**Q** 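To start, I am sharing the structure in question, which I have written as structure tokens.
Proteins come first, then strands; the chains are lettered A, B, ... in the order of their sequence lines, and each starts at number 1. All heavy atoms count here, side chains included; hydrogens, waters and symmetry mates do not. Since this is a predicted model, take the numbers as computed values, not measurements.
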Amino acid sequence: MLTKLFAPVLATCLIASLMLVFPHGQAAAIGDGNVVTGAGAGEFPTGATFQGIALAGGTFGIGLQTNGTGTANGDLEFQLNGSSLIGLSQWITVTGWITSGTVNPDGSVTFNGTGTLDLGDGTAPTGGLAFTGTLTTTGITVTIGGNAIPTLPKSDGWTTVE
Amino acid sequence: MRNALTHRITRSRRGWRLAAVIVVASGVALSASVAQGRAELVSVPAAPSQLSQDTVALVTGGGTVEVTSFPQNILASFGVNAKRPAGFTGGGAASGRINFDQHANVPGRRVNAPVLFMTAALSANPSPNGTGGSAAMSADCTAPTAECPTGNASVLAYVDDNSDQGAGNDVFRIFYCTTAAAVPPPTFNGTSAPAGCTGPTGGTLRTGNIQVRSTITGTSSSVPTAARAPFRVP
């Protein structure tokens, strides 16, 4: 009887010991998935607008890590430089926490999360907006709070998917 | 018929078995943090301890910083990633990438280099989203397709994740080094350049965010509204 019980009890104790020894989450920080990094700038095509603002150019910075199952962590900052209806310079800023992301077969990256839209007109930024975006080697497209921002073609900087 | 002594031994062992089962069950039922008596506070992250080459950490970030320049400052965008490789047991190895793009026509304005080494410290009091800490990442400028200012063999990026609201709180600094990529010195804290490096460039985030965490969770339960961006850099 004792011999029969010894093996399963020992195995359970071993598993429990490992759980206690290794901090939770440690293993999950190591492993596969994609790393998506980018920083750059570009010019919008003539006629591009967002929320009534004529867009001239934009800059972006992104750091995103996926785990291969759709879950991801990352940060997006996307800034649009434009002119208001009365010709004043206006910088619109999108800041987002990326919570899911997928690298597509064509090498582009689709990501989603929750972000903030700062219209740069003196009004308070609006937070808690769902956003989705696509990053390619040639540009970045973002929709926040259901408002689509025209694709910013990248003319400077880097985007890398590893 | 059982011997009386054997019977007593068996009965006493039964008690020990029961105790073992209780201990094991507790270990299984409780998370590791609870079982070890650790508390997960949700207050503002405190200043992390010294960076360690053995800390398992994951860094993501994207945003802008202002670069001091004459006659006027320059706006620069950055994107940063770092994580430990599979099978990591310590020693500072890491993978990822540092992108840095100064939006002005100045020499050596771009950085695109793979991260090879990292030191990190996780905040003792992480934010509600489980992030907070600091990290230093060394990237190789001699790697194929890498781009760095001429004459530099590596860059060293330092980040602070001080708040879920990155703008005005988190920090991104970059140092340019003539020395090869290496594990950042244990005394390095991002304020002054280590031997063989110049800098820093950058500072507190103008916009964007940096996250230092121990795992990919995919949850951002309480994403704050980002701080209002400062008016444009001249």
Side-chain angles (χ1 to χ4, degrees), chain A residues 2 5 9 12-13 15-17 19-20 22-26 28-33 35-41 59-67 71-77 79 81 89 91 93 95 97-100 113-116 118 120 124-128 156-158 160 162, chain B residues 13 17 20-21 23-24 27-28 31-33 35-36 56-64 75 77-81 83-88 95-101 103 110 112 129 147 166-167 207-211 213-220 223-229 231-232:
Chain A
L2 277 178
L5 278 175
V9 167
T12 311
C13 284
I15 292 167
S17 302
M19 288 177 66
L20 293 170
F22 290 103
H24 75 290
Q26 177 162 326
I30 305 170
D32 295 331
V35 173
V36 181
T37 318
T59 64
F60 66 91
I62 184 171
L64 162 66
Q65 296 183 26
T66 70
N67 68 358
T71 300
N73 274 131
D75 303 281
L76 167 74
E77 189 272 347
Q79 187 163 280
N81 311 329
S89 172
W91 287 26
T93 306
T95 307
W97 285 54
I98 299 169
T99 52
S100 66
T114 307
T116 298
D118 179 0
T126 306
D156 184 36
W158 296 89
T160 310
E162 296 166 292
Chain B
R13 280 177 178 170
R17 264 182 267 155
V21 167
V23 169
V24 169
V28 172
S31 72
S33 59
Q36 291 181 75
V56 173
L58 188 151
V59 178
T60 62
T64 62
L75 181 68
S77 295
F78 70 88
V80 63
N81 273 304
K83 66 176 183 178
R84 297 302 190 190
F88 176 79
S95 64
R97 189 161 290 269
I98 296 169
N99 279 176
F100 187 59
D101 191 15
H103 304 301
R110 290 192 301 218
N112 172 32
N129 286 308
E147 180 178 353
T207 56
N209 192 32
I210 287 168
Q211 294 181 64
R213 60 173 74 221
S214 62
T215 179
I216 291 183
T217 61
T219 57
S220 291
V223 177
T225 300
R228 188 177 147 193
F231 288 115
R232 59 174 294 176

**Q** What distance do A:N81 atom CG and B:H103 atom NE2 have between them, rounded to the nearest 0.5 Å?
**A**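 Between A:N81 CG and B:H103 NE2, I get 9.0 Å after rounding to 0.5 Å.
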**Q** Kindly say whether A:V36 contributes a backbone atom to a donor-acceptor pair with the side chain of B:N81 at under 3.5 angstrom?
**A** yes
**Q** Indicate yes or no for a side-chain donor-acceptor contact from B:Q211 to the backbone of A:G74 under 3.5 Å, with no hydrogens or angles considered.
**A**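 Yes, because the side chain of B:Q211 sits within donor-acceptor range (under 3.5 Å) of the backbone of A:G74.
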**Q** Treating A:E77 as the side-chain partner and B:G61 as the backbone partner, does any N or O pair qualify as donor plus acceptor under 3.5 Å?
**A**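 Looks like no, no N/O pair under 3.5 Å.
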**Q** What's the separation between atom CD1 in B:I98 and atom CH2 in A:W158, rounded to the nearest 0.5 Å?
**A**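 Output value for this atom pair is 14.5 Å.
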**Q** I need the minimum non-hydrogen distance between B:V59 and A:Q65, along with the two atoms involved.
**A** O-NE2, 2.9 Å
**Q** Please identify, among A:L76, A:T93, A:T160, A:D156, the residue contributing the most non-hydrogen atom pairs under 4.5 Å to chain B.
**A**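 Highest number of heavy-atom pairs under 4.5 Å: A:D156.
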**Q** Taking all atoms of both residues into account, what is the closest heavy-atom pair of B:V80 and A:T37, and its distance?
**A** N-CG2, 3.8 Å
**Q** Is it the backbone or the side chain of A:D118 that comes under 4.5 Å from a heavy atom of chain B, or both, or neither?
**A**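 Answer is side chain: those atoms of A:D118 sit under 4.5 Å from chain B.
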**Q** Give the minimum heavy-atom separation between A:G157 and B:R110, together with the two atoms involved.
**A** N-NH1, 3.8 Å
**Q** Return the minimal non-hydrogen interatomic distance between A:W91 and B:L75, and the atom names on each side.
**A** CZ3-CD2, 3.6 Å
**Q** Identify the heavy atoms of B:S77 and A:T59 that sit nearest to each other, and give their distance.
**A**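 Heavy atoms of B:S77 and A:T59 come nearest at OG-CB, 3.5 Å.
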